[in-house]
Amino acid sequence: MKIATWNVNSLRARADRVEAWLDRSDVDVLAIQETKCKDNNFPWDLFENSGYEVAHFGLSQWNGVAIASRVGLDDVERTFPGQPTFGKDTDPVQEARAIGATCGGVRIWSLYVPNGRALGDPHMPYKLHWLDVLKEHAVEWLQADPHAQIALTGDWNIAPQDEDVWDIDLFQREGYTHVSPPERAAFHAFENSGFTDVVRPHTPGPGVYTYWDYKQLSFPKKMGMRIDFALASPALAARVTGASIDREERKGKGASDHAPVIVELA
DNA sequence: ATGCCCGAGCGACTCGGA
């Protein structure tokens with residue numbers, strides 16, 4: 001079985017590439033982030049034509065997450081329990097950033113972790129709280145069933161290690177997000193709770209990334225970030241036989257700024 | 001060549017991304 005996660009940065013703008021990628025990648029499950037649409041303009045046919053069931057959670061042109069599967073798609077959950085809201089003053093909104101489904105015996109979560117925007121911005125405590133609540137649930141899921149096969153996949157908007165950005169000195173000097181100690185602590189809290197990054201051992205750095213900005217020739221200049229991850233529960237991690245980052249998909253006209261991340265299971 | 005930002009909604013500009 002092969003599962004993948006990919007921030008497509010608009011599913012409609014990327015429809016042809018996503019369909020072609022599904023056809024050649026041979027994945028059984030694809031967790032998608034940033035569909036950037038509501039159900040009424042979601043490209044349902046794309047997945048049906050490729051032989052996948054799909055569940056989508058999209059509330060506006062922002063965010064949006066989905067799971068496509070050809071090994072079953074059961075018990076779909078939109079948002080995790082108690083998922084924090086964000087809103088200016090009086091109108092907090094629960095954003096479309098998490099969808100879960102059971103596919104071929106694996107509980108898959110497609111996660112689009114909030115962007116903190118800047119250290120000191122209100123979005124940063126929102127991001128950290130969002131991750132903390134998710135982590136508390138992840139701990140409960142494991143306590144309820146230590147043998148559960150759970151995959152927390154998606155765009156985490158965190159670079160956990162110095163080698164996960166092209167120039168750590170620049171990031172720290174300028175006080176950029178993604179590398180700050182609180183963000184990294186939020187990520188490591190999942191690892192301390194028993195969830196393992198199952199991709200890094202098969203794709204060691206430095207210089208291995210999943211995201212490259214569209215601007216300033218970032219991709220050809222190898223100015224990227226590793227911010228998309230698949231974290232696996234112990235029972236799932238034990239099944240992992242390989243993993244890869246499909247940086248070929250970042251090439252050419254009409255590419256997403258993120259590359260797909262693939263995990264192979266025995 | 002992988003090549004100097006892109007997508008969505010609105011309405012011809014603004015916001016969000018990281």
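Predicted model, so just to flag it, every value in this text is computed and none were measured. Letters go in sequence order (proteins before strands), and every chain restarts at 1. Values below: all heavy atoms of this structure, side chains included; hydrogens, waters and symmetry mates excluded.
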Item to complete: Between B/dG17, B/dT2, B/dG9, spot the one nearest the side chain of A/R97, thanks.
Response: B/dG17
Worksheet entry | Name of the residue among A/L236, A/L152, A/L30, A/I3 meeting side-chain contact (heavy atoms from CB on, under 4.5 Å) with A/I108 | A/I3
Response to the item:
With the side chain defined as heavy atoms from C-beta on, A/K215 is closest, among B/dC5, B/dG3, B/dA8, to B/dC5
Worksheet item: Which nucleotide, B/dG9, B/dC4, B/dT2, lies nearest any side-chain atom of A/R247?
Response: B/dT2
Discussion item. Strictly below 4.0 Å: does A/R14 bring a side-chain N or O up to OP1 or OP2 of B/dC6?
Written reply: no
Fill in: Integer angstrom distance from the P of B/dC10 to that of B/dG16
15 Å
Worksheet item: Looking at the side chain of A/Q216, which of B/dC5, B/dA8, B/dA18 is the nearest nucleotide?
Response: B/dC5
Worksheet entry | Options B/dT2, B/dA8, B/dC4, nucleotide nearest the side-chain atoms of A/Q61 | B/dA8
Worksheet item: Taking the side chain of A/N157 as its heavy atoms from C-beta onward, which of B/dG7, B/dA18, B/dT2 lies nearest to it?
Response: B/dA18
Response to the item:
A/R17 CZ to B/dT2 P, in whole Å, measures 11 Å
Worksheet item: If you look at every strand shown and take non-hydrogen atoms under 4.0 Å, does A/R250 touch a base, only sugar-phosphate, or nothing?
Response: nothing
Fill in: Length of the OH-C1' vector between A/Y211 and B/dA18, whole Å
5 Å
Practice prompt. Look at all strands and tell whether A/G252 reaches a base, only sugar-phosphate, or nothing, counting heavy atoms closer than 4.0 Å.
Written response: sugar-phosphate
Discussion item. Strictly below 4.0 Å, N to O, side chains only: are A/R200 and A/D164 in salt-bridge contact?
Written reply: yes
Discussion item. In this structure, how many angstroms lie between the C1' atom of B/dG17 and the CD atom of A/E34, rounded?
Written reply: 7 Å
Practice prompt. When you get a sec, tell me which of B/dG7, B/dT2, B/dC5 is the closest nucleotide to the side chain of A/Y214?
Written response: B/dC5
Fill in: Selected nucleotide, minimal atom distance to A/W62 side chain, candidates B/dG9, B/dA18, B/dC15
B/dC15
Discussion item. Rounded to whole Å, please give me the gap between CG in A/D257 and P in B/dG7.
Written reply: 9 Å
Item to complete: Determine, for A/K221 against A/D213, whether the closest basic-nitrogen to carboxylate-oxygen distance falls under 4.0 angstrom.
Response: no
Item to complete: Mind checking the CZ-NE2 spacing from A/R14 to A/H258? Nearest 0.5 Å is all I need.
Response: 10.0 Å
Worksheet item: A/D155 near the nucleic acid: base, sugar-phosphate alone, or nothing, with a heavy-atom cut-off under 4.0 Å?
Response: sugar-phosphate
Worksheet item: Using a cut-off of less than 4.0 Å, is there contact between a side-chain N or O of A/H123 and OP1 or OP2 of B/dG16?
Response: no
Worksheet item: Any salt bridge between A/R173 and A/D167, counting N to O under 4.0 Å?
Response: no
Discussion item. I'd like the P distance from B/dG11 over to B/dC15, given in whole Å.
Written reply: 13 Å
Discussion item. Under 4.0 Å, counting only non-hydrogen atoms across every strand here, what does A/Y112 touch: a base, just sugar-phosphate, or nothing?
Written reply: sugar-phosphate
Worksheet item: Between A/L11 and A/K251, who's closer to the 5' end of DNA chain B by nearest nucleotide?
Response: A/K251
Fill in: Integer-rounded Å distance: B/dA18 P and A/D167 CG
20 Å
Worksheet entry | Gap between atoms NZ and P, on A/K222 and B/dG3 respectively (whole Å) | 13 Å
Fill in: Spacing of the P atoms in B/dG7 and B/dA18 (rounded, Å)
14 Å
Worksheet item: Which nucleotide, B/dA18, B/dG9, B/dG17, lies nearest any side-chain atom of A/H178?
Response: B/dA18
Practice prompt. Nearest whole angstrom, please: distance from the C1' of B/dT2 to the OH of A/Y209.
Written response: 15 Å
Discussion item. Both conditions, 6.0 Å and 45 degrees, for the charged tip of A/R226 above the ring of A/Y209: are they met here?
Written reply: no
Worksheet item: So does A/S10 get a side-chain nitrogen or oxygen closer than 4.0 Å to the phosphate oxygens (OP1/OP2) of B/dA8?
Response: yes
Discussion item. Check this for me: does any side-chain nitrogen of one of A/K2 and A/D28 sit under 4.0 Å from a carboxylate oxygen of the other?
Written reply: no
Worksheet entry | First encountered from the 5' end of DNA chain B, between A/R12 and A/H258 | A/R12
Item to complete: Would you mind reading off the distance between A/N7 atom CG and B/dC5 atom P, rounded to a whole angstrom?
Response: 19 Å
